[in-house]
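Atoms considered below: every heavy atom in the structure, side chains included; atoms not considered: hydrogens, waters and symmetry mates. Numbers restart at 1 for each chain; the letters A, B, ... are given by sequence-line order, proteins then strands.
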Protein chains: 2
Amino acid sequence: MNTLYSPSALKAELNAKGWRLTPQREVILKIFQELPQGNHLSAEDLHEQLVGLEQDISLSTVYRTLKLLARMGILRQLELAEGHKHYELNQPYPNHHHHLVCVKCNKTIEFKSSSILQVGSKQAQEYGYKLLDCQLTIHAICP
Amino acid sequence: MNTLYSPSALKAELNAKGWRLTPQREVILKIFQELPQGNHLSAEDLHEQLVGLEQDISLSTVYRTLKLLARMGILRQLELAEGHKHYELNQPYPNHHHHLVCVKCNKTIEFKSSSILQVGSKQAQEYGYKLLDCQLTIHAICP
DNA sequence: TAAGTATTGAAAATTTATCGCAAATAGCCC
DNA sequence: GGGCTATTTGCGATAAATTTTCAATACTTA
Ligand SMILES: [Mn+2]
Ligand SMILES: [Mn+2]
Ligand SMILES: [Zn+2]
Ligand SMILES: [Zn+2]
């Protein structure tokens with residue numbers, strides 16, 4: 001569980017940009033923080049999970065919040081399956097990781113690699129880009 | 001220019017799976033083979049290019065063909081921009097490469113890295129997955 | 001060349017995500 | 001706490017990308 005962002009830390013970061021902490025945003029972040037490592041949620045997944053918790057948050061707000069948190073660097077947007085995005089906490093080193101995905105059944109395995117992180121920062125630096133995230137996605141077929 | 005798949009090689013590979021070589025499929029592959037290195041086409045891009053060449057191929061067929069060629073491993077599907085996919089030839093080593101993408105303006109730089117290819121094949125092997133493609137995508141902001 | 005099946009084009013449908021707007025509410029000052 | 005104001009929400013409408021349906025067409029193979 002990632003405890004980087006307590007509700008008050010989230011509030012501070014939001015308010016610094018003129019945005020507001022709402023119960024919806026707090027609950028959504030909490031769900032990602034309590035999500036077992038290796039799980040990834042789509043907007044629909046998240047919305048269903050909220051309905052299950054009797055948290056009534058509209059699908060529009062789910063989409064808006066996912067986009068906001070990803071742009072703030074709190075969540076990471078992943079392309080693990082066809083047709084929709086998945087999200088997870090954007091964890092810094094040493095929890096930063098990559099994904100091995102089966103293109104047939106979408107089964108996904110996470111793995112860490114400091115050398116990839118090195119390649120990523122070296123390339124960004126070489127072209128003067130400011131690094132935000134680097135993801136190695138391995139498309140493969142599971143046994 | 002990639003000459004791995006001549007029309008007859010494409011035909012052989014299609015027929016082996018009970019599929020057929022059509023003029024549409026042949027033309028679409030040719031466009032990718034003649035595309036300058038570093039260019040990436042969306043379905044709409046490709047369709048416009050076909051109209052320019054007075055090749056009358058429906059948008060449905062463009063989508064169907066892109067999906068088919070990608071599943072055959074002939075094309076590579078890339079997530080370089082929000083909202084739509086891009087495609088390029090899936091070139092083996094030593095032309096295999098990765099992408100540094102500006103999330104603000106979508107400017108994309110290609111780079112090669114044999115160490116990433118090594119990480120990719122090692123991970124796939126470790127879990128018994130059959131490797132299809134591995135792509136490092138670096139999200140960053142250009143200067 | 002004829003039979004049989006895969007493929008195509010065109011339009012409709014589906015899926016994913018965004019938008020407009022009125023009502024609700026967080027942050028702020030008193 | 002009570003009001004002020006800009007932000008956020010929920011809802012329905014809308015947009016954009018991709019897929020599907022189906023009748024007509026065209027590959028393959030024998
Ligand atoms: Mn993950
Ligand atoms: Mn490329
Ligand atoms: Zn699988
Ligand atoms: Zn840029």
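Among the heavy atoms of the strands lying under 4.0 Å from K11(A) are primed sugar atoms or P, OP1, OP2 only; no base atom is included.
Distance check, rounded to the nearest 0.5 Å: CD1 of I138(B) to NZ of K122(A) gives 9.5 Å. Rounded to the nearest 0.5 Å, atoms CG (L89(B)) and CG (L29(B)) are 6.5 Å apart.
Considering T22(B), L41(B), T65(B) in turn, T65(B) is the only one that fulfils the side chain to side chain contact (heavy atoms under 4.5 Å, CB included) rule with I28(B). Residue H40(B) is tested with K85(B), H99(B), H86(B) for a side chain to side chain donor-acceptor pair (under 3.5 Å); the sole match is H99(B).
Judged as a salt bridge (charged side-chain N to carboxylate O under 4.0 Å, His left out), and not counting sequence neighbours, the contacts of E88(B) are R76(B).
Judged by distance alone, the side chains of E13(A) and Y5(A) do bring a donor and an acceptor atom under 3.5 Å apart.
In terms of phosphate contacts, K67(A) brings a side-chain nitrogen or oxygen within less than 4.0 Å of OP1 or OP2 of dT18(C).
In summary, contact between chain A and DNA chain D, defined as any nucleotide atom under 4.0 Å from a heavy atom of the protein, begins and ends at dA6(D) to dG12(D) in the 5' to 3' direction.
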Apply side chain to side chain contact (heavy atoms under 4.5 Å, CB included) to the pair V27(A) and L50(A), showing each step before the final yes or no. CA-CA 9 Å; V27(A) 166; L50(A) 289 163; 3.5 Å; yes
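Using a 4.0 Å cut-off between charged nitrogen and carboxylate oxygen, K30(A) and E26(A) do not count as a salt-bridge pair.
Spacing between atom CG of N15(A) and atom C1' of dT25(C) amounts to 14 Å, rounded to whole angstrom units.
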Annotated protein contacts, base or backbone, on nucleotides 7-13 of chain C with a non-hydrogen cut-off under 4.0 Å, one of B, S, - each: SBBBB--
